[in-house]
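For reference, the structure discussed in these notes is given below.
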2 protein chains.
Amino acid sequence: MNSIAGTGKNRGKTAARDESTLRAGTQDALRNAILDGKFKAGQKLVERELCEFTGASRSILREALVSLEAKGLIEHQSYRGYRVARLSARKIVEIFELRSSLETQAAELFTERASDEEIATLNEALTELERCLVNFDLARMRATKERYYDTLFTGCRNEEIRRALANVADRIYYLRSRLLLDPTRREASLEDMRRLTSALTSRDRLAARSASLAHLEAARETVLQIMEQDDSETAFRAA
Amino acid sequence: MNSIAGTGKNRGKTAARDESTLRAGTQDALRNAILDGKFKAGQKLVERELCEFTGASRSILREALVSLEAKGLIEHQSYRGYRVARLSARKIVEIFELRSSLETQAAELFTERASDEEIATLNEALTELERCLVNFDLARMRATKERYYDTLFTGCRNEEIRRALANVADRIYYLRSRLLLDPTRREASLEDMRRLTSALTSRDRLAARSASLAHLEAARETVLQIMEQDDSETAFRAA
DNA sequence: ACAACCATAATTGTATACAAAGTATGTATA
DNA sequence: TATACATACTTTGTATACAATTATGGTTGT
């Protein structure tokens with residue numbers, strides 16, 4: 001149970017990514033716990049408990065918390081501590097608006113700047129996605145999708161856009177698994193990505209833009225539907 | 001010289017904005033020091049010296065540094081500490097690409113969501129800007145410009161976009177004063193803003209988009225010219 | 001029963017000392 | 001000149017103490 005991020009003695013060896021500093025490792029451990037739903041949305045994060053959980057001292061833990069707050073993953077109130085950030089429907093709309101803006105831009109830039117190798121990687125990832133769909137390998141599907149987008153955002157040669165997108169991506173991460181549960185949506189999403197990939201491969205800027213946009217709008221609609229469902233079941237909302 | 005953010009005893013009284021926590025105050029003091037050029041780009045930031053400068057303890061200082069790093073204002077290397085982030089020409093292009101994407105989006109959303117009061121505020125700010133231009137009141141011009149953009153980004157009703165833009169805005173802050181030094185650019189910029197304001201006032205989405213885009217492209221060109229000048233004078237570049 | 005009130009516990013905010021680990025620098029030696 | 005080593009300095013991490021604020025739970029008066 002203890003020493004998730006490694007203690008002073010064996011630090012950096014327990015964590016998945018061999019982070020160079022304990023702070024980075026602690027931060028990563030907390031981030032993973034949140035993304036995996038181990039700490040639920042709205043849950044209060046008590047410093048003492050997190051120290052036990054991560055094995056880090058309070059100073060380091062607090063630094064990690066500050067960083068996660070800056071990324072919008074947790075929220076802070078003076079003398080009332082941190083809680084896991086909650087996603088309102090409104091927030092989701094905002095995030096999708098930001099994504100619409102930046103991802104389409106990224107797609108456009110990709111058509112002009114990506115290397116042929118990157119385009120090849122994109123197509124390989126797509127093929128793997130199709131295999132995953134047939135085999136119902138959802139875990140691998142998610143990993144592959146990440147590889148796909150990672151290539152896309154690298155190929156657009158803009159670290160700032162990549163960074164801004166990474167920040168919001170973390171916050172809607174847990175929704176992805178929900179999206180993949182719907183078989184209809186799964187097939188539709190793949191069709192969207194086929195169109196996008198094809199446009200990117202032929203370096204057709206306008207087509208890439210519209211494909212990216214269509215994909216995002218469909219995803220947004222599905223997410224909002226899921227939210228509505230959840231709200232009618234367990235009724236907590238933070239408008 | 002000491003106690004920029006206030007010490008334990010008189011905290012919150014020295015700082016300009018009465019920040020609720022010492023950390024927020026310290027962070028603000030450091031941010032201002034960087035934006036005002038007190039700490040130059042690339043300069044190494046030694047913890048001990050910053051403690052003396054801000055009057056904060058190391059715990060607080062380090063938390064502030066973590067937060068500033070997350071905002072991209074400073075950079076960190078393991079066991080080598082923090083330095084003020086450097087802006088390469090490449091980075092500036094990236095930032096302007098991001099702004100092009102998000103600010104045009106914000107302008108579009110503004111036309112659909114802003115209140116009439118916000119539109120009025122925009123027009124007031126514009127009028128004040130014209131007065132400033134005549135009176136050569138550059139300090140006030142900058143403040144007014146901030147009010148203008150603040151209203152714009154509030155009116156688009158998207159905190160995520162606002163936040164992403166705020167992050168990059170800090171990093172190119174010091175370039176603004178440079179921009180305002182060129183009288184030709186000053187007049188051209190104001191003309192751009194007149195067009196934008198007019199489009200926003202009539203809630204013409206497409207016109208707002210193109211006006212916003214034109215403004216940004218002009219600004220980018222000027223910034224890059226300034227960068228080139230600087231490079232030929234004091235030659236340090238971090239491609 | 002219920003509301004206001006107070007004492008106490010729990011939690012967060014701040015400060016500081018110290019140890020461990022890595023980096024940078026300078027010097028001696030081959 | 002170049003390499004190895006010693007040294008000082010910086011960063012990183014821990015432990016601890018105490019202050020400030022909030023949360024909790026019980027008591028009292030009505």
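Naming convention: chains lettered A, B, ... in sequence-line order (proteins, then strands); numbering from 1 in each chain. Note that these values count all heavy atoms, side chains included, but never hydrogens, waters or copies made by symmetry.
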Problem set entry | B:Ser59 (side chain) and C:dA15 (base): donor-acceptor pair under 3.5 Å | yes
Exercise. Is any side-chain N of the basic residue among B:Arg99 and B:Glu103 closer than 4.0 Å to the acidic one's carboxylate O?
Worked result: yes
For this session: Could you check how far CZ of B:Arg62 sits from C1' of D:dG13, rounded to whole Å?
Result: 8 Å
Exercise. How about A:Arg113: does its CZ atom have over 12 heavy atoms from other parts shown lying under 6.0 Å from it?
Worked result: yes
Problem set entry | Nearest-angstrom distance from the residue atom CD of B:Glu63 to P of C:dG13 | 8 Å
Set out, line by line, the N/O atom pairs under 3.5 Å between protein and nucleotides 7-10 of chain D.
residue : atom : partner : partner atom : Å
D:dT10  : OP1  : B:Arg48 : NH2          : 3.3

Problem set entry | A:Ala107 backbone acceptor or donor facing A:Ser212 side chain under 3.5 Å | no
Exercise. Whole Å only: how far is the CD atom of A:Glu52 from the C1' atom of C:dT11?
Worked result: 14 Å
Exercise. Do any side-chain nitrogens or oxygens of A:His76 fall under 4.0 Å of OP1 or OP2 in C:dT11?
Worked result: no
For this session: Quickly work out the B:Ile60 CD1 to C:dA15 P distance and round it to whole Å.
Result: 6 Å
For this session: Assign B:Arg58 to base, sugar-phosphate, or nothing according to its heavy-atom contacts below 4.0 angstrom with the strands shown.
Result: base
Problem set entry | Distance in angstrom units between B:Leu61 CG and C:dT14 C1', rounded | 13 Å
Problem set entry | Separation of atom CG in A:Leu22 from atom P in D:dT11, rounded to whole Å | 18 Å
Exercise. B:Glu47: what forms a side-chain hydrogen bond (donor to acceptor under 3.5 Å, both in side chains) with it, not counting sequence neighbours?
Worked result: B:Arg58, B:Arg62
For this session: May I ask you to check whether B:Gln27 and B:Ser67 show a side-chain donor-acceptor distance below 3.5 Å?
Result: yes
Seminar exercise, completed: Nearest heavy-atom approach of A:Thr154 to A:Glu118 is CG2-OE2, 3.9 Å
Problem set entry | Whole angstrom value for the distance that separates P of C:dA20 from CZ of A:Arg23 | 23 Å
